[in-house]
Amino acid sequence: MSLFLRVAAVAAFVSASTANAAWHEARSKHFVIYANENPKEILEYATKLEKFDQAVRALLVMRDPPVGDGNRLTVFVMPTDNDVRKLVGDKSGFLSGFYKGPVTGPLAYVPKRNGKRPGSLGSDTIFFHEYAHHLMMQQLDHPYPEWYVEGFAEFLSTPSFGKDGSVGLGSPPQHRAWGLFNGRSLPLEVLISGTYDKISNQERESIYGRGWLLVHYLFMGGTRDGQLNNYIMALSKGTPAPQAASAAFGDLKQLDKELDAYLMKRRIAAFNIGSARIKVQQIDVRPMTAGAAEVVLLRAKLKNGVDEAGREPLAAEIRQVQARFPGDELVELTLAEAELRAEKAAAAQSAAERALTANPRSTEGMILKGRAIIDQAVDAPRDQGASYSEARRLFVAANKIDPEDPEPLMEFYKAYLREGVMPTKNAIEALHYASNLAPQDLNVRMNSAVAYLNENKLKEAKATLTPVAFSPHGGGIAEEARRMIERIDAGDAKGALRRPRPEPKPTVDGS
């Protein structure tokens with residue numbers, strides 16, 4: 001395994017004593033990380049994340065296809081835990097990090113420093129739990145129940161990193177110890193049923209803790225090989241969860257007793273993924289420009305999303321940074337997006353064009369310019385077809401540079417809708433591919449599923465809806481997807497389309 005650290009302005013880092021923290025950007029195969037850290041620390045952090053990614057892929061026998069710049073997970077390392085909580089308005093004092101996966105690019109927010117108390121639910125644990133969801137979404141072609149989705153994410157949330165380069169997976173989650181030993185557990189029949197609408201918050205802990213125990217026992221207990229797969233396959237065929245569980249696991253009361261005994265074992269095994277199976281590719285670390293360093297926390301806030309009242313004030317702050325650092329690529333890109341959200345499309349186009357002057361191959365600049373052109377065309381007379389065509393050319397150009405980025409594909413499709421014309425076959429195919437590249441974006445998946453239903457392609461529609469229906473934080477949109485799947489299974493494409501689709505609400509897993 002070879003790692004390469006590229007750092008511009010090497011003289012600034014001549015010795016450890018002079019390697020003071022400053023804003024740096026790390027780019028690896030799967031991650032873009034912004035952190036106010038010294039190069040060694042951010043390299044170590046990026047390496048840890050890549051090792052985890054490789055270990056999980058080895059365990060799950062997952063493909064590792066190319067990832068475009070636009071579809072890497074961007075990690076913002078915030079100054080403190082409190083800065084993370086402010087982004088989502090959390091007042092509990094317990095949230096230490098979160099993940100979200102829009103088509104514009106998946107995001108994670110973690111604090112710079114985090115307590116390492118035994119049993120604490122730290123930002124690393126939350127990150128690994130949520131990234132496990134991200135990876136599972138990439139190959140979710142079966143209906144995984146919530147206890148399994150959350151239990152398996154807990155199974156992966158406690159990796160250990162050996163000095164020999166190996167990674168351990170499946171260690172007990174100490175932050176679930178109280179719930180497992182002292183909390184009020186759900187009966188196994190209820191846990192497996194997936195019907196949780198009447199359970200208490202304390203019982204909900206069982207979905208994570210007891211879910212982890214059940215996953216661990218079925219994977220590593222050594223006495224029930226193949227039963228979990230039989231259960232999942234039965235669910236895939238439409239068998240109700242209780243019947244599927246009874247057929248696969250037998251007497252559930254007996255399984256419950258075995259779980260209690262397994263929990264009391266002095267030692268619980270874990271998977272060890274050897275270093276030979278973990279291949280971390282080149283990681284580039286470089287200092288951020290002065291303008292980028294000043295705008296990065298504003299960019300973090302912008303990417304997370306702000307309410308309507310906060311959009312113009314945030315754009316005003318970013319304009320002040322841009323006035324001091326005109327032409328800085330990251331500053332101009334951030335300003336372009338902020339202007340779009342503040343409904344100042346002409347200003348957004350100008351900022352995007354300045355970003356493209358700094359870097360003509362900036363796909364983000366192309367996408368933002370195209371969006372700004374369309375926003376202006378929407379308010380213009382209907383003879384503005386040339387504007388929509390120009391925007392679509394920009395989205396096509398971005399796609400040619402970064403074919404694995406789902407955002408220009410989605411924007412290409414949306415351009416037809418906003419123009420008020422029927423999307424072409426090519427545009428519909430772009431929508432479907434965007435959905436495949438970003439299965440964690442529930443809105444894109446639903447749009448893709450609807451397009452399949454309109455073509456009466458029921459099999460494809462069901463496959464597209466599955467990740468939505470069994471998303472652990474899908475809320476109302478997941479319920480709607482499950483309803484649509486029921487109608488598809490009945491051969492009723494029109495019935496699947498009948499109800500209006502609810503918008504998903506962003507959720508944060510602070511578990």
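- The ring pair (Phe, Tyr, Trp, His ring centres under 6.0 Å) check on Tyr433 picks up nothing, with sequence neighbours excluded.
- Within the model, atoms OG of Ser448 and CG of Leu431 stand 5.0 Å from one another, a figure rounded to the nearest 0.5 Å.
- Counting heavy atoms from C-beta outward, Leu302 and Thr334 have side chains that approach closer than 4.5 Å.
- In terms of heavy-atom proximity, Gly327 sits nearest to Gln322 at N-NE2, 4.5 Å.
- Put simply, the side chain of Leu330 reaches to within 4.5 Å of the side chain of Met288, judged on heavy atoms.
- Scanning both residues, Ala342 and Ala315, for their nearest heavy atoms gives CB-CB, 4.2 Å.
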Item to complete: Could you walk me through whether Lys48 and Asp124 pass salt bridge (charged side-chain N to carboxylate O under 4.0 Å, His left out), step by step?
Response: CA-CA 10 Å; Lys48 181 169 72 171; Asp124 278 2; 2.8 Å; yes
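- Asn304 has its side chain within reach of Phe98: a pair of non-hydrogen atoms, C-beta onward, lies under 4.5 Å apart.
- By the salt bridge (charged side-chain N to carboxylate O under 4.0 Å, His left out) test, Arg341 pairs with Glu337, sequence neighbours left out.
- One finds a salt bridge joining Arg27 and Glu25 here, because a Lys/Arg side-chain nitrogen approaches an Asp/Glu carboxylate oxygen to under 4.0 Å.
- Salt bridge status for Lys100 with Glu130: absent, with no side-chain N to carboxylate O gap under 4.0 Å.
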Item to complete: Under the side chain to side chain contact (heavy atoms under 4.5 Å, CB included) rule, what do Leu465 and Met446 come out as? Steps first, then yes or no, please.
Response: CA-CA 7 Å; Leu465 286 167; Met446 290 296 275; 3.5 Å; yes
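- Side-chain atoms of Arg57 come within 3.5 Å of backbone N or O of Arg63 as a donor-acceptor pair.
- Pro106 is listed as a side-chain neighbour of Gln440, based on a closest heavy-atom distance under 4.5 Å.
- Residue pairs meeting the ring pair (Phe, Tyr, Trp, His ring centres under 6.0 Å) criterion with at least one member in residues 434-457, sequence neighbours excluded: His432-Tyr452.
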Item to complete: Apply side chain to side chain contact (heavy atoms under 4.5 Å, CB included) to Phe412 and Arg392, showing your working.
Response: CA-CA 6 Å; Phe412 182 77; Arg392 282 192 284 268; 3.8 Å; yes
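- Checked against ring pair (Phe, Tyr, Trp, His ring centres under 6.0 Å), Tyr413 has no partners two or more places apart in sequence or in another chain.
- Residues Ala461 and Ile488 come closest through the heavy atom pair CB-CD1, 4.0 Å.
- Residues forming a side chain to side chain contact (heavy atoms under 4.5 Å, CB included) with Asp375 (at least two apart in sequence, or on another chain): Leu340, Ala345, Arg418.
- By the 4.5 Å heavy-atom criterion applied to side chains, Ile401 and Asp69 are not counted as neighbours.
- Between His133 and Glu150, the side chains place a donor N or O and an acceptor N or O closer than 3.5 Å (distance only, hydrogens not considered).
- Contact check for Leu335 versus Arg354: side-chain heavy atoms found under the 4.5 Å cut-off.
- Side chain of His24 to main chain of Glu37: a donor-acceptor pair is present (N/O by atom type, distance under 3.5 Å, no hydrogens or angles).
- Under the 3.5 Å distance criterion, the side-chain polar atoms of Asp81 are left unmatched by any main-chain donor or acceptor of Pro111.
- Taking both residues in full, the closest heavy atoms of Ala153 and Ala132 are given as CA-CB, 4.0 Å, listed atom of the first, atom of the second, then distance.
- The two atoms that bring Ala58 and Arg277 nearest to each other are O-NH2, 3.3 Å, heavy atoms only.
- Residues passing the side chain to side chain contact (heavy atoms under 4.5 Å, CB included) test with Asp164 are Ser166, sequence neighbours excluded.
- A pairwise comparison of heavy atoms in Gly68 and Asp402 identifies CA-OD1, 3.0 Å as the closest pair.
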Discussion item. I'd like to know whether Val84 forms a side chain to side chain contact (heavy atoms under 4.5 Å, CB included) with Val110, so could you lay out the CA-CA distance, the side-chain angles of the two residues, the decisive distance to 0.1 Å, and finally the verdict.
Written reply: CA-CA 7 Å; Val84 175; Val110 298; 5.8 Å; no
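- Every residue was checked against the salt bridge (charged side-chain N to carboxylate O under 4.0 Å, His left out) condition with Glu429, not counting sequence neighbours, and none meets it.
- A parallel orientation is assigned to the rings of Phe152 and Phe155, their planes being inclined by less than 30° (bins at 30° and 60°).
- Using a 4.5 Å cut-off on side-chain heavy atoms (C-beta onward), Glu404 and Leu437 make contact.
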Item to complete: Given ring-ring contact (aromatic ring centres under 6.0 Å, His included), test Phe128 with Tyr131 step by step and report yes or no.
Response: CA-CA 5 Å; Phe128 291 130; Tyr131 193 62; 8.3 Å; no
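- Taking the six-membered ring for Trp, His134 and Tyr99 have ring centres closer than 6.0 Å.
- When atom types are taken as modelled, the side chain of Arg483 and the backbone of Ala496 share a donor-acceptor pair closer than 3.5 angstrom.
- Between Arg371 and Glu339 no salt bridge is recorded (no basic side-chain N to carboxylate O distance below 4.0 Å).
- A search for side chain to side chain contact (heavy atoms under 4.5 Å, CB included) contacts involving Val306 returns Lys301, Arg311, Leu314, not counting sequence neighbours.
- Scored by the salt bridge (charged side-chain N to carboxylate O under 4.0 Å, His left out) test, Asp328 finds no partners at all (sequence neighbours excluded).
- Residues passing the salt bridge (charged side-chain N to carboxylate O under 4.0 Å, His left out) test with Glu364 are Arg299, Lys303, sequence neighbours excluded.
- With sequence neighbours excluded, the residues satisfying side chain to side chain contact (heavy atoms under 4.5 Å, CB included) with Asp307 are Ala309.
- A heavy-atom distance below 4.5 Å is not found between the side chains of Phe52 and Ile273.
- Side chains of Ser435 and Arg445: a donor-acceptor N/O pair is present below 3.5 angstrom, by distance only.
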Item to complete: Report the C-alpha distance between Lys414 and Glu411 in whole Å, list the side-chain angles of each, state the deciding distance to 0.1 Å, and finish with yes or no for salt bridge (charged side-chain N to carboxylate O under 4.0 Å, His left out).
Response: CA-CA 5 Å; Lys414 284 171 58 179; Glu411 292 296 340; 3.6 Å; yes
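- One side chain, Glu50 or Ser28, offers a donor N or O that lies under 3.5 Å from an acceptor on the other.
- Applying the ring pair (Phe, Tyr, Trp, His ring centres under 6.0 Å) definition to pairs two or more places apart or across chains, those involving residues 55-83 are Tyr34-Phe76, Phe76-Tyr109.
- Among Asn71, Asp64, Leu49, the single residue meeting the side-chain contact (heavy atoms from CB on, under 4.5 Å) criterion with His30 is Asp64.
- A side-chain donor-acceptor contact under 3.5 Å links Asp441 to the backbone of Val103.
- For Thr47 (side chain) and Leu43 (main-chain N/O), a donor-acceptor pair under 3.5 Å exists by modelled atom type.
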